[in-house]
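What follows is a short report on a single structure.
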Amino acid sequence: MRNIADDRVHLTREHAVELLRQMTRIRRFEEKCAELYTQEKIRGFLHLYIGEEANAVGVISALAEDEAIVATYREHGHALVRGLPMSEVMAEMFGKAAGSSRGRGGSMHIFSARHRFFGGNAIVAGGLPLAVGLALADKMLGIERATCCFFGEGAAAEGEFHESLNLAALWHLPVLFVCENNLYAMGTALARSQSNPSISTRAAVYGIASEAVDGMNVVDVEAAARRAVHAVRRGEGPRFIEAKTYRFRAHSMFDADLYREKAEIEAWKKRDPLTLFSDWALSAGVLHPDDRQEIEVDVAREIDTAVGFAEAAEWEPVEDLATDVVSPRPETEP
Amino acid sequence: MRNIADDRVHLTREHAVELLRQMTRIRRFEEKCAELYTQEKIRGFLHLYIGEEANAVGVISALAEDEAIVATYREHGHALVRGLPMSEVMAEMFGKAAGSSRGRGGSMHIFSARHRFFGGNAIVAGGLPLAVGLALADKMLGIERATCCFFGEGAAAEGEFHESLNLAALWHLPVLFVCENNLYAMGTALARSQSNPSISTRAAVYGIASEAVDGMNVVDVEAAARRAVHAVRRGEGPRFIEAKTYRFRAHSMFDADLYREKAEIEAWKKRDPLTLFSDWALSAGVLHPDDRQEIEVDVAREIDTAVGFAEAAEWEPVEDLATDVVSPRPETEP
Amino acid sequence: MTVRRMNYREAVREALREALARDKRVFLMGEDVNRYGGAYACSLGLPAEFGDERIRDAPLSESAFVGAGIGAALGGMRPIVEIMTINFSLLALDQIVNSAATLRHMSGGQFSVPIVIRMATGAGRQLAAQHSHSLEGWYGHIPGIRVLAPATVADARGMLWPALLDPDPVVIMEHATLYNDEDELPAEGDMSVDITKAAKRREGSDATVIAHSASVKKALNAAEMLAGEGIDCEVIDLRILRPLDDETIVASVRKTHRAVIVDEAWRSGSLAAEISSRITEQAFYDLDGAVERVCSAEVPIPYPKHLEQAALPQPQSIAAAVRKAMRR
Amino acid sequence: MTVRRMNYREAVREALREALARDKRVFLMGEDVNRYGGAYACSLGLPAEFGDERIRDAPLSESAFVGAGIGAALGGMRPIVEIMTINFSLLALDQIVNSAATLRHMSGGQFSVPIVIRMATGAGRQLAAQHSHSLEGWYGHIPGIRVLAPATVADARGMLWPALLDPDPVVIMEHATLYNDEDELPAEGDMSVDITKAAKRREGSDATVIAHSASVKKALNAAEMLAGEGIDCEVIDLRILRPLDDETIVASVRKTHRAVIVDEAWRSGSLAAEISSRITEQAFYDLDGAVERVCSAEVPIPYPKHLEQAALPQPQSIAAAVRKAMRR
Ligand SMILES: Cc1ncc(C[n+]2csc(CCOP(=O)(O)OP(=O)(O)O)c2C)c(N)n1
Ligand SMILES: Cc1ncc(C[n+]2csc(CCOP(=O)(O)OP(=O)(O)O)c2C)c(N)n1
Ligand SMILES: [Mg+2]
Ligand SMILES: [Mg+2]
């Protein structure tokens, strides 16, 4: 179904529906999560992606299913687009044993080995070295595919950003770095934390071809991702995309959001990636008038099912607390 | 005596003698250390600076006496030029109680509070954050002076390089970063460890004005340092100098030096900073014919005295092992 | 004496305010301490009083800003560096171990590093494996630093100023589940507390329960449960994790002859192990039985409440350990 | 059986060579492992056999290349990552603690991280405060990893392959003073050793001395000294620092009734504390007296030989502790 072999976006109706559906799935899923959080069904940290959906959808649409993804604690969207069943993701949010990480990870640690979805990392910039290593493995094993690493602009201040970009460039590794620049790291605006706020120019200094893209425009994101991932697959070394985006909600459910102007938020909401895309697609005749509504109905149903599944699911028994800390010792052991 | 108020080098005879004397002090001191190492008077790691003398001499000549210096484990030269008495430095090499760190640090950890010489750091890139903090203190206390931080090109791969340059630039701190690019980090050539081997361009990406300079030419180094340190003192934020240099000896006394061609070493030796400078200064009439010899005689005497001092000095008594792990509790304590 | 109620968070904030007002060299630096008000809202409101320079937002770069704090301390300032949580302090450990803790000794006594590093610690808030570490025992291993663990509102209020007076690096561990705890404090006067001694939080004669930080409350709860069974526990709050106050601990054990140590860290290599060893070393012939430890299960802390709570020490497990020590 | 002499360094090298030859997925990555031959010359000559890809020089960036090793393990490779020394491993601790050690559990068992991380440890070479750490006890605290400490040439030769077979992260601590130690090994056959059990290095009946890594030799020296005084020591080499082999330790103490633990780490919060606690917990009524610890002085390790040696455990101090345990 997904056309990954092409390095350009083909906006058939089918593809447009898929893009909108995926963005809608994320949006509604997270709105539901926020509600469930206030009901105390979901606990811990909950970082919403609302406003940034175009990035996960655009980029992951360009990836093959076996191209690894490494993400952050703000990864529900990435997990859903990658194809993790919403029920499993929702069960994970609840902490149930049927969750994608057996409930042990929660919102920040969604994993799926069968989807090559490597999480879900709650240490800022902690995922970058892992992505470099996954790409190194592919290269050494002769497998031609990209590894895609998502992280925020705040992560670009960390030492691991620098070390990882250097390694990837030096060893010519097939990594696609995607910096989701939503302008804030918790309450710290980019300009207050990094002397050079142009993230994409900073990638270039390692010799990594990089591109900044409108992260509210799913088509632009997908187009940039296709170009980049094709170059990566061709063995041209790592690529870097800076997606300029914005989170509409607070950093987490604990955040009083005191550090930015309401007007700024409102201005960005005018560029809501869902409306932006569906309005354009409708006016361009790519989407049909009923598509939006149908998607909403489908997604509502999917969410109901997911919540029902999560509600009904079992807790992991306490006796299993210590399973899988380490593996059982292998038989081959002397 | 030292003219630090000017942002240009004035090559009077006096100054030329001083430059050559300082380079000669380092060279002969270290040659002696290598000898003492084989005699097992000096132990542990010993990293010689031979070949790189023009950098410490050129840069430190441009600094005021109270401008802090942070260096690495390859810091004998910096300590000597900064004005630490050679006898104390030599006693430190021996590990004697009269050493500049009471003998506890040895070759890699020469300190002097009264010279604002902050060492002597054996963790690659570990000194950069300290220099940033020293400069931050000056800035917050309203003291207009620079803090000078030396490190190797290998350190530029570490996360702390990135984090520290960002902090210094972001906060507009009076730091002079001096990267002594001797092309190797132990046995790893720069091009084999960093995707972008042009260190000075990498500083620029943080918005730090930077300059590459011939690190074998003491006058060039001093000129660059004067320009940079004046800008720093004027409150223009951090500056960065990349000094292109070479170490003539192995990385440490344990290094078999198998990773580079003898011809490469020989080629660089043709640009020995001592000969380069004294030949030029003689031909330009800045130095007098006898100066070189007089310096050698003086320095030989200084080294003899230092070795004599170190030989005669006492060991710290074993009973004092645990003094100064922490300070005695303050009287003011409740 | 008039008293007032405040919570642990407010106590930290008031202590910060006092320090900033008393000494111009004091400043607070860390991620989100300014605009955001601190991840745990400890510095909310302080920027208006002290400005952006002294309540200094730092980029995400734990190694560099902790190192910069060390440098600033060397340069004559009195930095308070906030590491958002102990989990991220791993990124700054090199600076703490290799610079802050060693500089005085390694320089032959020439340098002081009067830095205070605060960090939130611990589990209990369903934050899962990467955000629930109790690694304060690691800090307790490092010569050259002092490690404080305020378990009460009074200690949260009173430890900071003496920590700043210490010419050496001091690390203050604030357990994240304590910030909303309330207590009464004197309305005025010197709030400083002694940062050298452990505290007896409950007097008792049958067994000594030794805890720190958020575990102190759990130990007190256990003691209440056991009181109903006729077991009278003494509860010691360590307060200072390095250097440990052996005297208070050993004196209590000499009296009760039984010791149970509670520590939210993983059992192997925990601070509890150190205390247990010291007790056997110093009071072996006073002991009626083996020193017991109640620690966290040796698993990365899981997200769901029932598993997380099962992994952590609880009043029930503490009480069970005391009964075991009493051979009941 | 024919034997051959080799030193510890050669044993490590041969183990590396064997692993690289046996499994195409194995590669060695670290600072200066290729052109330089490894800081301790362990990989000298291997690039010619296995090429630059598999003997991979890494830039100075401990966090990234250790993290990349973890990622490569997730991606199907069997990386051996060399961190030049434990001192620099602080820069990579976040990746080890928060990724390598947690991924299996936190993902509900989906992922394995079959990485081996080797590092040189310890003091004794006059390398001063920043280059003499004995922090292997910190690693012993982390659930999800296995920690090995080869003290003999045979273990240096035989632990690597089983470590690579382990689907979980394994950390191998090579004490830098051991690399020149020589011993005899069988000329052929399987060199693999059991990586789950401690080893009895000397049989004895009066006291159990427990040590690991470079301290084992010191313990054996002390035992020889004491033998002359009629004190017969059993010496246990821990070999595996996590998970500890309680069984072997406790069985010995049950027999001798006295235990002395030797650990080059700083005393407070050392692995020695953990072992001491376990012994009292599991064999309290078998003990004739308190378990003794011989650790390093709690100071940043100084450069001069006389001070460094005074800071470290020595045969003399071990013997003294045994005498104390024997109340002699
Ligand atoms: C190493 C580390 N330091 C601090 C934190 C706390 N923290 C969590 S998210 C965050 C902001 C990260 O910002 P950014 O990288 O821009 O990603 P965003 O949250 O905006 O998606 C911070 C400071 C952390 N998780 N890890
Ligand atoms: C964090 C860290 N990693 C590794 C080392 C081991 N080491 C000491 S010096 C060195 C090379 C550093 O090279 P460079 O920064 O270029 O300085 P140079 O020695 O050439 O002056 C290495 C790898 C160390 N001391 N610290
Ligand atoms: Mg952001
Ligand atoms: Mg170099």
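Reminder, nothing fancy here: chain letters follow the sequence lines and each chain counts from 1.
Looking at B:F254, both its backbone and its side chain come within 4.5 Å of chain D, counting heavy atoms on both sides. If you measure heavy-atom distances from B:V124 to chain D, the contacts under 4.5 Å come from the side chain alone. For a residue to count as touching a neighbouring chain, one of its non-hydrogen atoms must lie under 4.5 Å from one of that chain's; by this rule B:D255 touches chain D with backbone and side chain alike. If you measure heavy-atom distances from B:L46 to chain D, you find no contacts under 4.5 Å at all. With a 4.5 Å cut-off on non-hydrogen atoms, D:L90 does not touch chain B at all. Proximity to chain D is limited to the side chain of B:M108, based on heavy atoms less than 4.5 angstrom apart. Heavy atoms of B:D257 lying under 4.5 Å from chain D are absent altogether. Using a 4.5 Å cut-off between heavy atoms, D:E308 does not touch chain B at all. Both the backbone and the side chain of D:A310 come within contact range of chain B, judged by heavy atoms closer than 4.5 Å. Using a 4.5 Å cut-off between heavy atoms, B:A125 does not touch chain D at all.
Of the possible donor and acceptor atoms, one in the side chain of D:Q130 sits under 3.5 Å from a partner among the backbone N and O of B:A122. Put simply, the side chain of D:Y36 never gets that close to the backbone of B:A256: no donor and acceptor are under 3.5 Å apart. The closest donor-acceptor contact from the side chain of D:D32 to the backbone of B:T188 lies under 3.5 Å. When atom types are taken as modelled, the side chain of B:Y259 and the backbone of D:N34 share no donor-acceptor pair closer than 3.5 angstrom. At distances below 3.5 Å, not a single donor-acceptor pair connects side-chain atoms of B:H109 with backbone N or O atoms of D:P302.
Of all heavy-atom pairs between D:A128 and B:R104, the closest is CB-O, 4.1 Å. When all heavy atoms are compared, the tightest approach of B:G103 to D:Y303 is O-CD2, 3.5 Å. Across every non-hydrogen atom of D:S61 and B:A157, the tightest pair is CB-O, 3.8 Å. The shortest non-hydrogen separation linking D:V299 to B:V325 is CG1-CG2, 3.5 Å.
Atom CG of D:L60 is separated from atom CD of B:E160 by 11.5 Å, given to the nearest 0.5 angstrom. Rounded to the nearest 0.5 Å, atoms CD1 (B:I123) and OG1 (D:T85) are 7.0 Å apart.
Within the 4.5 Å cutoff, side-chain heavy atoms of D:E62 are placed close to those of B:E158. Taking 4.5 Å as the limit, some side-chain heavy atom of B:L258 sits within range of a side-chain heavy atom of D:L44.
With chain B as the partner, the residue from D:Q309, D:H306, D:E298, D:K305 showing the most heavy-atom pairs under 4.5 Å is D:H306. The candidate from B:H251, B:K96, B:M93 with the greatest count of non-hydrogen atom pairs under 4.5 Å with chain D is B:M93. When each of B:S101, B:G187, B:A185 is checked for heavy-atom pairs under 4.5 Å with chain D, B:G187 comes out on top.
Within 6.0 Å of CD in B:Q39 there are more than 12 heavy atoms belonging to other residues, nucleotides or ligands.
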**Message:** Using the rule given for side-chain contact (heavy atoms from CB on, under 4.5 Å), can you reason through D:R35 versus B:R192, listing the C-alpha separation, both sets of side-chain angles and the distance that settles it, and then say yes or no?
**Reply:** CA-CA 10 Å; D:R35 296 289 163 103; B:R192 286 174 58 86; 2.7 Å; yes
